[in-house]
Amino acid sequence: MAANVALLSASSPSTSASSILRRRPRPRRSACPRRAASRLSVVAAMSDDPIKEWILTEGKATQITGTSSIGGGCINAAQRYDTDAGSFFVKTNRRIGPAMFEGEALGLKAMYDTKSIRVPLPYKVGSLPTGGSFIIMEYIQFGRSRGDQVTLSRNPFRSKKKSALGRKLAEMHKAAKSDKGYGFYVENTIGSTPQINTWTADWIEFYSKHRLGYQLKLISQRFGDSAIYEKGQQLIEKMHPLFDGAVIEPCLLHGDLWSGNISADTNGDPVILDPACYYGHNEAEFGMSWCAGFGGEFYRSYFEVMPKQPGFEKRRDLYLLYHYLNHYNLFGSGYRSSAMSIIEDYLRMLKA
C-alpha cells in the first residue's frame with residue numbers, strides 16, 4: 001500500500017509505546033510556491049482533526065475522497081478513509097486515551113514482523129482533541145470466505161485440505177519467542193478489561209497471577225462473588241499437575257482469537273485483527289475457541305507445525321476459563337455458571 005509507515009520494532013524493550021511510529025520522509029516535489037501555500041492551508045485547516053492531518057501529510061494523500069462507517073463493535077467505532085493514496089482503516093474511542101490503541105499497535109506490529117499470518121499494519125496512534133483516541137492502520141479488503149473456514153491444498157489431487165488459519169497461526173507461534181519470559185512490553189486490554197503483562201519467568205505463575213487471579217479479583221470487587229473467588233483460588237493452588245510433561249515456551253499470542261477477529265482477504269488468505277497480544281503458552285491461544293468455531297482440520301494443521309503437548313486435552317478448559325471470567329466481568333453474571341462449572345470440574349479432577 002502507498003501509505004506504508006515504518007515502525008520501531010516491538011521487540012525493543014526500550015521502545016516507548018507512544019513513540020512506536022516513525023515520521024516517514026516527505027516525497028520530493030518540484031518548487032511551486034502557490035501549490036505549497038495551498039497545501040499548508042489545508043494542513044492548517046486540519047490541525048483540529050489529527051486523523052485527517054496525518055493522512056494528508058504522513059499518509060502521502062493529497063485528497064480524502066470519502067469516508068464510510070464500518071461499525072467497530074461494542075467498544076470502538078471504525079471508519080474507512082478513501083484517498084488518492086489508497087484506503088486507511090481508522091478506529092476511534094471517544095472515552096479512552098491512547099494507551100489502549102498503543103498496546104494494540106505494538107501487538108499488531110509484533111505479529112506483522114513474524115511474516116507468517118496477515119495482520120493490518122498500524123501506522124499512527126494519537127489523542128483526539130475532544131477526548132479519546134484513535135489508531136490508523138492498513139485497510140485490508142476482506143473476501144467472502146471466513147478465516148476459520150479457509151483451506152489450502154498445495155496438491156490438487158490430495159483429498160485432505162489443510163486449514164490455512166491453523167498452519168499460519170502455528171507458524172506465528174513458532175517464529176516469535178521471547179527471551180524475557182511471559183508477558184508483554186506494555187499492559188493492554190482484553191475487551192475493555194485491563195490485561196496485566198508484567199514479565200514473569202514461570203508460565204504457571206504468570207497465568208495464575210495475571211490471568212486467572214486478576215479476573216477473580218475483579219469479580220470479587222465488582223460483584224462481591226466470594227464463592228467463585230474462593231473456589232478459583234483453590235484451583236490456582238492445585239493446578240500444577242495439569243502441566244506435567246508439557247514443554248512450555250513463551251510464544252507470541254494474538255490473545256483474543258474469536259470469530260469476530262478472524263477473516264480472510266480477497267485472495268482467501270486468513271487475516272487476524274484486534275489483538276490482545278502477549279507472550280504465553282501457545283495453547284492459551286485457543287481460550288476463545290468456544291466463539292471461534294475451530295474445527296478438526298484447524299487443529300490437525302496447527303499441530304503439524306506445533307506438535308501437541310502431553311495433557312493438552314486436560315488443560316483445554318483451563319484456558320477457556322480466563323475468557324469466561326473476563327466475560328463475567330464485562331457482561332455480567334450470565335457467564336458465571338460456565339466459569340464456575342469449569343472450576344468445579346477441575347477441583348473434582350484434582351481432588352481438591
**Q** Answer with yes or no whether the hydrophobic clustering places Leu106 together with Ile196; edges join I, L, V, M, F, W, Y residues whose side-chain heavy atoms lie under 4.5 Å apart.
**A** no
**Q** Take Lys91 and Glu104, measure what salt bridge (Lys or Arg N to Asp or Glu O under 4.0 Å) needs, and give me the verdict at the end.
**A** CA-CA 11 Å; Lys91 291 201 300 186; Glu104 179 178 350; 2.9 Å; yes
**Q** Grab the two heavy atoms, one from Gln195 and one from Ala276, that are nearest each other, plus how far apart they are.
**A** NE2-O, 3.0 Å
**Q** Do you know which two heavy atoms are closest between Leu128 and Ser133, and how far apart they sit?
**A** CD1-O, 3.5 Å
**Q** Which heavy atom of Pro270 sits nearest to which heavy atom of Ile117, and what is that distance?
**A** O-CG1, 3.9 Å
**Q** Would you confirm whether Tyr207, through its side chain, and Leu318, through its main-chain N or O, come within 3.5 Å as a donor-acceptor pair?
**A** yes
**Q** Let me check something: do Met288 and Leu330 share a hydrophobic cluster, defined by ILVMFWY side-chain heavy atoms less than 4.5 Å apart, either directly or through other members?
**A** yes
**Q** Does Glu53 offer a backbone N or O that forms a donor-acceptor pair with the side chain of Thr57 under 3.5 Å?
**A** yes
**Q** Classify the angle between the aromatic ring planes of Phe88 and Tyr123 as parallel (below 30°), tilted (30 to 60°) or perpendicular (above 60°).
**A** perpendicular
**Q** Taking C-beta and beyond as the side chain, do Ile190 and His323 meet within less than 4.5 Å on heavy atoms?
**A** yes
**Q** Any chain of hydrophobic side-chain contacts (each under 4.5 Å) joining Ile248 to Leu321?
**A** yes
**Q** Please list, chain by chain and in numerical order, all residues satisfying salt bridge (Lys or Arg N to Asp or Glu O under 4.0 Å) with Arg118, sequence neighbours excluded.
**A** Glu138, Asp265
**Q** How far does CE of Met172 sit from CE of Met306, to the nearest 0.5 angstrom?
**A** 10.0 Å
**Q** Is the Tyr185 ring parallel, tilted or perpendicular to the Tyr279 ring (thresholds 30°, 60°)?
**A** perpendicular
**Q** Quick one: which residue pairs count as a side-chain hydrogen bond (donor to acceptor under 3.5 Å, both in side chains) with a foot in residues 325-334, not counting sequence neighbours?
**A** Thr193-Asn326, Gln215-Asn326, Gln215-Asn329, Asp225-Tyr328
**Q** Answer whether the closest heavy-atom distance between the side chains of Glu285 and Asn282 falls below 4.5 Å.
**A** no
**Q** Output yes when a side-chain donor or acceptor of Thr266 lies under 3.5 Å from a complementary backbone atom of Phe142, and no otherwise.
**A** no
**Q** Using a 4.5 Å cut-off on heavy atoms from C-beta on, say whether the side chain of Ile228 contacts that of Leu325.
**A** yes
**Q** So, are Glu313 and Lys308 salt-bridged, with charged N and O less than 4.0 Å apart?
**A** yes
**Q** Given the rule in the side chain to side chain contact (heavy atoms under 4.5 Å, CB included) test, do Cys251 and Lys174 qualify, once you have shown the distances and angles that lead to the verdict?
**A** CA-CA 7 Å; Cys251 303; Lys174 193 169 186 177; over 6 Å; no
**Q** To the closest 0.5 Å, what do you measure between CG (Leu216) and CD1 (Ile236)?
**A** 5.5 Å
**Q** Please confirm whether the backbone N or O of Ile64 pairs with a side-chain atom of Thr83, one donor and one acceptor, at under 3.5 Å?
**A** no
**Q** Let me see the working for Thr92 and Ile51 under side chain to side chain contact (heavy atoms under 4.5 Å, CB included), right down to the final yes or no.
**A** CA-CA 10 Å; Thr92 57; Ile51 298 171; 3.8 Å; yes
**Q** Testing the basics here: between Pro129 and Pro50, what is the closest heavy-atom pair and its distance to 0.1 Å?
**A** CD-CD, 3.6 Å
**Q** Do we see a donor-acceptor contact under 3.5 Å between the side chains of Tyr319 and His281?
**A** yes
**Q** Do Arg80's NZ or CZ and the ring of Tyr139 fall within the cation-pi criteria of under 6.0 Å and 45°?
**A** yes
**Q** Which is it for Arg167 and Glu171 under the salt bridge (Lys or Arg N to Asp or Glu O under 4.0 Å) test, yes or no, and what are the steps along the way?
**A** CA-CA 6 Å; Arg167 177 176 56 80; Glu171 288 173 356; 3.0 Å; yes
**Q** Do Arg315 and Tyr322 meet the cation-pi criteria used here (NZ or CZ under 6.0 Å from the six-membered ring centre, within 45° of the axis)?
**A** no
**Q** So, do Ser226 and Ser220 sit near enough that their side-chain heavy atoms are less than 4.5 Å apart?
**A** no
**Q** Show the nearest heavy-atom pair for residues Pro275 and Gly107, with the distance to one decimal.
**A** CG-C, 4.5 Å
**Q** What residue among Phe286, Phe312, Phe294 forms ring-ring contact (aromatic ring centres under 6.0 Å, His included) with Tyr302?
**A** Phe286
**Q** Going from NE2 on His254 to CD1 on Ile272, what distance comes out if it is rounded to the nearest 0.5 angstrom?
**A** 5.0 Å
**Q** For Asn261 and Asp256, run side chain to side chain contact (heavy atoms under 4.5 Å, CB included): C-alpha distance rounded to whole Å, both residues' side-chain angles, the deciding distance at 0.1 Å, then the answer.
**A** CA-CA 8 Å; Asn261 293 340; Asp256 191 17; 3.7 Å; yes
**Q** So which heavy atom on Gly181 is nearest to which on Ser178, and how close?
**A** O-OG, 3.2 Å
**Q** Is there a donor-acceptor contact under 3.5 Å from the side chain of Gln309 to the main chain of Val247?
**A** yes
**Q** With sequence neighbours excluded, tell me which residues meet salt bridge (Lys or Arg N to Asp or Glu O under 4.0 Å) with Lys217.
**A** none
**Q** Please round to the nearest 0.5 Å and tell me the distance separating atom CG of Leu212 and atom OH of Tyr214.
**A** 14.0 Å
**Q** Find out whether Lys109 and Leu121 are in side-chain contact, i.e. whether some heavy atom of one side chain is under 4.5 Å from a heavy atom of the other.
**A** yes
**Q** Is there a side-chain contact between Tyr299 and Ser289 (heavy atoms, below 4.5 Å)?
**A** yes
**Q** What about Tyr324 and Trp290, are their ring centers closer than 6.0 Å?
**A** yes
**Q** Could you grab the distance from atom OG1 of Thr114 to atom CG of Leu169, nearest 0.5 Å is fine?
**A** 9.5 Å
**Q** Would you say Gln234 and Leu350 make side-chain contact, with heavy atoms under 4.5 Å?
**A** no
**Q** Is it the case that the side chain of Asn267 and the backbone of Asp269 share a donor-acceptor pair, with hydrogens and angles ignored and the cut-off at 3.5 Å?
**A** no
**Q** At what distance, to the nearest 0.5 angstrom, does CG of Asp84 lie from CD1 of Ile55?
**A** 11.0 Å
**Q** Can a donor-acceptor pair be found, under 3.5 Å and without considering hydrogens, that links the side chain of Thr189 to the backbone of Ser192?
**A** no
**Q** Do Val186 and Trp199 belong together in a cluster built from hydrophobic side chains that touch within less than 4.5 Å?
**A** yes
**Q** Determine, step by step, whether Cys277 and Leu253 satisfy the side chain to side chain contact (heavy atoms under 4.5 Å, CB included) criterion, reporting the C-alpha distance in whole Å, the side-chain angles of both residues, the deciding distance to 0.1 Å, and the verdict.
**A** CA-CA 5 Å; Cys277 285; Leu253 307 182; over 6 Å; no
**Q** Donor-acceptor pair, distance only, cut-off 3.5 Å: does the side chain of Ser341 make one with the backbone of Ser337?
**A** no
**Q** Look at the side-chain heavy atoms of Ile, Leu, Val, Met, Phe, Trp and Tyr, link any pair under 4.5 Å apart, and say whether Ile343 and Phe223 land in one connected group.
**A** yes
**Q** I want to check something: taking the side chain as every heavy atom from C-beta on, are Leu108 and Pro120 in contact at a cut-off of under 4.5 Å?
**A** yes
